[in-house]
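If you're wondering where the values come from, they're calculated on a predicted model, not measured in any experiment. All values below were derived from every heavy atom in this structure, side-chain atoms included, with hydrogens, water molecules and symmetry-related copies excluded. Each chain gets a letter, A, B and so on, in the order its sequence line appears, and its residues count up from 1.
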Number of protein chains: 2
Amino acid sequence: MTAMPESPDIKPVGAGRQLLFLREEELRLAQDLLFFGYRDFTAGPDAILAELNMGRAHHRVLHFIGRRPGVTVGDLLAILGITKQSLGRVLTPLIDEGYIVQVPGRNDRRQRLLSLTPKGQELERRLFERQREWVMRAYREAGPVAVEGFRRVMRGLMGAEAREQLDRPTGVSPKSAA
Amino acid sequence: MTAMPESPDIKPVGAGRQLLFLREEELRLAQDLLFFGYRDFTAGPDAILAELNMGRAHHRVLHFIGRRPGVTVGDLLAILGITKQSLGRVLTPLIDEGYIVQVPGRNDRRQRLLSLTPKGQELERRLFERQREWVMRAYREAGPVAVEGFRRVMRGLMGAEAREQLDRPTGVSPKSAA
DNA sequence: CTATTGTGTCAACGAAGCTGACCCAACAGG
DNA sequence: CCTGTTGGGTCAGCTTCGTTGACACAATAG
């Protein structure tokens with residue numbers, strides 16, 4: 001059912017319909033998988049967050065700051081792809097409640113370099129572990145080859161911008177080369 | 001940040017720490033991929049929908065009704081995993097504007113069997129084609145083996161409930177569904 | 001005839017996006 | 001030194017899409 005040649009141009013009479021159908025069903029399946037998969041992937045952390053009166057947006061902020069300690073507000077905005085105001089509504093409480101600290105940039109003192117406090121690391125880790133179990137289960141069941149395939153496809157689903165961000169060393173952004 | 005050596009050569013004894021680290025990075029990468037991938041996967045349809053003053057929720061309704069014509073409201077609620085009220089706010093306008101029709105069930109006349117009108121099919125197809133291009137690009141770049149792996153992992157990321165729903169015959173129902 | 005079920009709907013709330021406008025401090029260039 | 005730009009913060013208001021709770025009503029089941 002999944003075995004089909006890579007030939008988008010060939011339309012042998014009779015087989016064309018079949019191919020077309022398979023492709024369409026294939027794609028619709030992908031839509032289903034992404035919807036259900038993503039939903040259930042986020043369900044674990046969501047439950048923890050709800051108890052703390054937080055949402056998915058808080059998790060994302062914790063995650064990406066944890067991933068790139070010392071990131072600037074501007075870079076974080078670029079990574080998340082949201083507006084300053086949207087970020088603010090989530091970031092400010094996280095700072096106020098001691099999950100995140102900001103220190104002025106050493107080169108440019110206007111910048112606020114963000115990093116997790118121990119408290120922030122702890123929460124991020126809790127959320128991470130929850131998702132880790134979930135993903136590891138899927139990885140184990142699917143096997144290493146499948147995992148590699150998963151990564152390749154997900155990468156392809158990302159836009160060019162996102163791909164660049166992902167490829168950027170998990171430390172400082174070389175954007176300030178200006 | 002901890003500066004870590006990139007030397008995956010060593011695998012034998014004493015590699016525990018290294019392995020642990022790799023696993024963690026592996027998992028964090030999965031988080032990134034799912035966030036960016038899902039976001040960009042939905043971006044295309046979102047743009048079309050915005051022009052029609054609709055949102056992602058409308059797309060999901062069109063998608064799942066298209067996938068299972070004649071589905072009942074109750075089943076749709078179960079598939080989407082949302083409340084009646086949430087669905088109503090999206091479903092009612094779609095019916096009012098002629099994208100979806102409901103016909104009373106022949107076995108149980110309380111039920112409203114939902115299906116797409118030609119207008120609804122047309123819109124669903126537009127949205128589908130947009131996403132199709134995007135996914136096909138990713139599939140083509142990744143290759144068939146990767147696609148199979150992607151499917152296996154995504155399936156594993158789904159909860160048991162969702163998996164059952166997915167396995168239920170798609171688009172059948174002209175029979176007697178209960 | 002009564003209880004339950006399938007569906008619809010009102011009202012209020014929360015999370016997380018958005019735009020527009022404006023402010024301040026720090027940097028950069030003349 | 002003065003001025004314009006940039007990094008960041010904030011107020012105000014709007015939208016989408018999820019939630020709970022309550023109630024209505026027709027149809028089905030017993």
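A chain of hydrophobic side-chain contacts below 4.5 Å, direct or via other Ile, Leu, Val, Met, Phe, Trp or Tyr residues, connects A/Leu166 to B/Phe41.
Rounded to the nearest 0.5 angstrom, B/Arg56 CZ and B/His63 NE2 are separated by 14.0 Å. We find the CD-CE distance between A/Glu164 and A/Met158 to be 9.5 Å, quoted to the nearest 0.5 Å.
In this structure, CZ of A/Arg39 is placed 15 Å from C1' of D/dC17, rounded to the nearest angstrom. The CG atom of A/Leu113 sits 11 Å away from the P atom of D/dG9 (whole-angstrom rounding). In this structure, the CG atom of B/Leu52 is 12 Å from the P atom of D/dT16, given to the nearest Å. As a whole-Å value, the separation of A/Phe35 CZ from D/dG18 C1' is 12 Å. The nearest whole Å value for the distance from the CG atom in A/Asp96 to the C1' atom in D/dG9 is 12 Å.
Residues A/Ala57 and A/Gly105 each lie close to DNA chain C; by heavy-atom proximity, the contact nearer the 5' end of the strand is made by A/Ala57. With the nearest nucleotide of DNA chain D identified for both B/Asn53 and A/Thr72, A/Thr72 has the one nearer the 5' end.
A donor-acceptor pair under 3.5 Å is absent between the side-chain atoms of A/Thr92 and the main chain of A/Arg89, judged by distance alone. At distances below 3.5 Å, at least one donor-acceptor pair connects side-chain atoms of B/Lys119 with backbone N or O atoms of B/Glu97.
Taking 4.0 Å as the cut-off between side-chain N and carboxylate O, B/Arg155 and B/Asp167 count as a salt-bridged pair. Electrostatic pairing of A/Arg126 and A/Glu122 does not count as a salt bridge here, judged by no charged N lying under 4.0 Å from a carboxylate O. Here B/Arg67 does not pair with B/Glu124 in a salt bridge; the nearest charged N to carboxylate O distance is not below 4.0 Å. A/Arg137 has a carboxylate O that lies under 4.0 Å from a charged side-chain N of A/Glu141, or vice versa, which qualifies the two as a salt bridge.
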Would you list the protein and nucleotides 25-29 of chain D atom pairs, both N or O, that sit under 3.5 Å from each other?
from	atom 1	to	atom 2	distance (Å)
D/dT28	OP1	B/Arg109	N	3.4

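Applying side-chain hydrogen bond (donor to acceptor under 3.5 Å, both in side chains) to A/Asp108 and the options A/Arg106, A/Gln111, A/Arg110 leaves one that passes, A/Arg110.
Annotation: cation-pi geometry not satisfied between A/Arg68 and A/Phe64 (NZ/CZ under 6.0 angstrom from ring centroid, within 45° of ring axis).
Nucleotides of DNA chain C with any atom under 4.0 Å from a heavy atom of chain B span, from 5' to 3', C/dT5 to C/dC10.
Of the residues in residues 85-95 of chain B, B/Gln85, B/Thr92 come within less than 4.0 Å of DNA chain C through at least one heavy atom, sorted by number.
Within the structure, every side-chain polar atom (N or O) of B/His58 is placed at least 4.0 Å from both OP1 and OP2 of D/dT16.
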